[in-house]
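Following: one structure in structure tokens, then a few remarks.
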There are 2 protein chains.
Amino acid sequence: MTDTTVKTIADLTREFGVTARTIRFYEAEGMLSPERAGTQRLYHPRDRVRLKLILRGKRLGFSLAEIREIIDLYDSAPGEVAQLHHFLDKIAERRADLAQKQRDIEVTMKELQQVEESCRSRLSELAPRDGREAAE
Amino acid sequence: MTDTTVKTIADLTREFGVTARTIRFYEAEGMLSPERAGTQRLYHPRDRVRLKLILRGKRLGFSLAEIREIIDLYDSAPGEVAQLHHFLDKIAERRADLAQKQRDIEVTMKELQQVEESCRSRLSELAPRDGREAAE
DNA sequence: TTGTTTCTTGACGTTAACGTAAACGTCAAC
DNA sequence: GTTGACGTTTACGTTAACGTCAAGAAACAA
């Protein structure tokens, strides 16, 4: 019975749409640490989760350094009091950062809606009855 | 009566927290085009708006090329039918992109909340009565 | 056994987005 | 009339995040 949860690097490239070079690069940066079967890399679910986190961070425009920090927050050991407070500070930073991004997105969304509306109204002037409602 | 809406490059660096090099770089990339008083640059409100758009795009993790595209959407001339449809497609792309980012942010926010909670609970184990409520 | 993939490890190349330094103009203030 | 404080251009340097070979090992298929 072959364990289908253990993946090869090619599997990951297909699953996540990134190159093998990229995956190995993340490992070289210490952000992934797949098991080895001799020379070959074996990726377990935990590695896939990590990669997913990395790519999500990238989509949000975080640098790998920032992503590493975030991930470190996730799977860090309990720690002592001072360190826990430090964690809470880090978390607060990230949350403020994300909140800023949310506001930026909202504003941009609204602006794009404006542009889209003026686009559509000009379209209906130029080519009446060429809307998108009845189509498809 | 001096026009306080016209700013120098140093004004912008202070207002937006970026270096003059950065501002000139954006100009070299064709994303800003300030007026010139001889050799010196004069930034009008429209330039400040543009810079604001650029920096917002950066916060959202867009590349300058993408930001340029977005800005071009904003201040492009009416255009013909085909081009308008093309615009609408571009807008749809960007909106999908932003929607993805929103989802990513929500998930990340929730994860961070989890981490924060477990942090706080461990803190209350280690150092009871050291909460943050009554503080400050 | 012999190909044909698929993997591996170097190692150098590339692009975006600026940083940094040199060398020079300009204009108000002392 | 020179001294700063600001501005300019030109040009080379830097960093992050990979891309792109090259050359060999391993596994799998015919």
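Lettering follows sequence order; numbering is per chain, from 1.
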On a heavy-atom basis, which atom in A:Ser76 and which in B:Arg122 lie closest, and how many Å separate them?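 Closest approach of A:Ser76 to B:Arg122: O-NH1, 4.5 Å.
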[X] [atom1] to [N] [atom2]: how many Å, rounded?
X	N	atom1	atom2	value
A:Ile23	C:dT6	CD1	P	15 Å
B:Ile9	C:dT26	CD1	P	18 Å
B:Arg24	D:dG7	CZ	P	8 Å
A:Glu27	C:dT9	CD	C1'	12 Å
A:Glu35	C:dT8	CD	P	13 Å

What I want to find out is whether A:Lys101 reaches A:Asp104 closely enough, with some N-O distance under 4.0 Å, to be called a salt bridge.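 A salt bridge is absent here (no side-chain N lies under 4.0 Å from a carboxylate O).
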Whether A:Arg56 and B:Glu111 form a salt bridge (side-chain N of Lys/Arg under 4.0 Å from carboxylate O of Asp/Glu) is what I want to check.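 The answer is yes: the pair qualifies as a salt bridge.
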Okay, side chain of A:Glu66, backbone of A:Ser63: is any donor-acceptor separation there less than 3.5 Å?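 Looks like yes, one N/O pair under 3.5 Å.
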Donor-acceptor under 3.5 Å (B:Gln100 side chain, B:Asp97 main chain):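 No: the side chain of B:Gln100 does not pair with the backbone of B:Asp97.
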Exercise answer: donor-acceptor pairs, residues 21-32 of chain B side-chain atoms, under 3.5 Å, sequence neighbours excluded:
residue	atom	partner	partner atom	Å
B:Thr22	OG1	B:Thr19	OG1	3.0
B:Glu27	OE1	B:Arg41	NE	2.6
B:Glu27	OE2	B:Arg36	NH2	3.3

From CA spacing to verdict: salt bridge (charged side-chain N to carboxylate O under 4.0 Å, His left out), A:Asp47, A:Arg50: CA-CA 5 Å; A:Asp47 300 310; A:Arg50 278 204 161 229; over 6 Å; no
With a 4.5 Å cut-off on side-chain heavy atoms, are B:Tyr74 and A:Val115 touching?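 The answer is yes; the side chains approach within 4.5 Å.
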Sub-4.0 Å heavy-atom contacts from residues 36-55 of chain B onto DNA chain D, ordered by number: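 Here the set is B:Arg36, B:Thr39, B:Gln40, B:Arg41.
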Sugar-phosphate or base contact per nucleotide [nucleotides 10-23 of chain C; S, B, -; heavy atom under 4.0 Å]: -B-----BBBB---
